Amino acid sequence: MTAYKIITVPHAALKTSSKPVDGVSDSVRMQMDGMLQAMYDAPGIGLAANQVNMLNRVLVMDLSSREDEEEPAPICMANPEIIYESEEMSVREEGCLSIPKQYADVERPAIVRVKYLDYHGKEAELEAEGLLSHCVQHEIDHLNGVLFIDYLSSLKRNMILKKVDKLKKQNLL
Ligand code: NI
């Protein structure tokens, strides 16, 4: 299996909008497997293709460790599309494997419904609220070249970018 390295800010791939896949081929499935591995190793609960420097619309998530489940519960999506979002909003603290060790409150629609192709290439839908809702919106943002810090004031965003830069220079990442 390909071992993927997760890239961190600043990197052009993190600011780039990814292209849809034609379908879930064996190579896309291999990519999903590799991304899940990289995400579990990190560890994290979500990872988008941009974060492993691949510019197709593929993301993976698994919230089981956060919800005290013992069994892994991976969700793989290709070409995800938000088809419904609630007017009600939700604020939650978010972090990102590409912006290591930095966290901030982000406001998003509380409930979303997402249409996507699953691991087997079948059309599927997911309705998400709570942590899963924030996670899937955060990962779809990545596919559009958007980061959670883009929702913050430029002052806060620059502070976070400086902190990551400092951690890199001190070899603490
Ligand atoms: Ni992220």
Side-chain angles (χ1 to χ4, degrees), residues 2-21 28 31-67 72-82 85 89-112 114 116 119 126 128-154 156-168 172-173:
T2 325
Y4 289 123
K5 188 178 167 339
I6 297 172
I7 58 174
T8 56
V9 286
H11 191 296
L14 295 171
K15 303 300 288 176
T16 306
S17 193
S18 290
K19 298 256 185 325
V21 296
V28 170
Q31 178 187 343
M32 287 168 166
D33 291 340
M35 285 172 57
L36 279 170
Q37 197 56 57
M39 183 188 79
Y40 290 134
D41 287 348
I45 58 170
L47 192 67
N50 302 52
Q51 296 179 272
V52 293
N53 204 10
M54 296 185 73
L55 295 174
N56 59 6
R57 299 185 81 79
V58 172
L59 65 85
V60 298
M61 302 183 290
D62 188 338
L63 274 61
S64 58
S65 64
R66 287 292 184 89
E67 290 171 344
I75 300 173
C76 300
M77 295 185 171
N79 300 348
E81 215 180 300
I82 294 175
E85 50 186 44
M89 302 295 281
S90 153
V91 177
R92 260 189 120 91
E93 188 174 70
E94 295 189 15
C96 181
L97 293 173
S98 294
I99 312 171
K101 300 180 180 174
Q102 310 303 315
Y103 305 90
D105 279 347
V106 179
E107 187 180 37
R108 299 182 184 276
I111 299 170
V112 291
V114 180
Y116 62 99
Y119 188 81
L126 173 81
E129 61 179 322
L131 179 60
L132 182 59
S133 177
H134 275 260
C135 187
V136 73
Q137 292 181 70
H138 174 122
E139 302 312 330
I140 292 173
D141 271 353
H142 272 302
L143 302 180
N144 295 325
V146 175
L147 301 170
F148 81 88
I149 55 173
D150 294 331
Y151 294 98
L152 310 179
S153 67
S154 56
K156 272 194 192 166
R157 180 165 57 246
N158 289 332
M159 248 167 58
I160 286 179
L161 290 170
K162 270 189 201 147
K163 280 188 193 161
V164 173
D165 187 53
K166 203 171 161 191
L167 289 172
K168 278 189 185 179
L172 292 175
L173 295 183

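Here the structure is a predicted model, which means the values were calculated and not measured. Both counts, for ligands and for their atoms, begin at 1 and track the order of listing.
Looking at every heavy atom in both residues, Ala13 comes nearest to Leu55 through O-CD2, 3.9 Å.
Among residue pairs with one or both ends in residues 142-153, those qualifying as salt bridge (Lys or Arg N to Asp or Glu O under 4.0 Å) are Lys15-Asp150; sequence neighbours excluded. Within the structure, the salt bridge (Lys or Arg N to Asp or Glu O under 4.0 Å) test picks out the following pairs touching residues 130-142 (sequence neighbours left out): Arg108-Asp141.
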Step by step, work out the side chain to side chain donor-acceptor pair (under 3.5 Å) result for Arg57 and Asn50.
CA-CA 8 Å; Arg57 299 185 81 79; Asn50 302 52; over 6 Å; no
Start with the C-alpha distance between Tyr40 and Asp62, add both sets of side-chain angles, then the distance that settles side chain to side chain donor-acceptor pair (under 3.5 Å), and finish with yes or no.
CA-CA 9 Å; Tyr40 290 134; Asp62 188 338; 2.4 Å; yes
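Tyr103 is linked by a side-chain hydrogen bond (donor to acceptor under 3.5 Å, both in side chains) to nothing, counting only residues two or more places apart in sequence or in another chain.
Protein N/O/S atoms closer to the Ni ion (ligand 1) than 2.8 Å number 3 in this structure.
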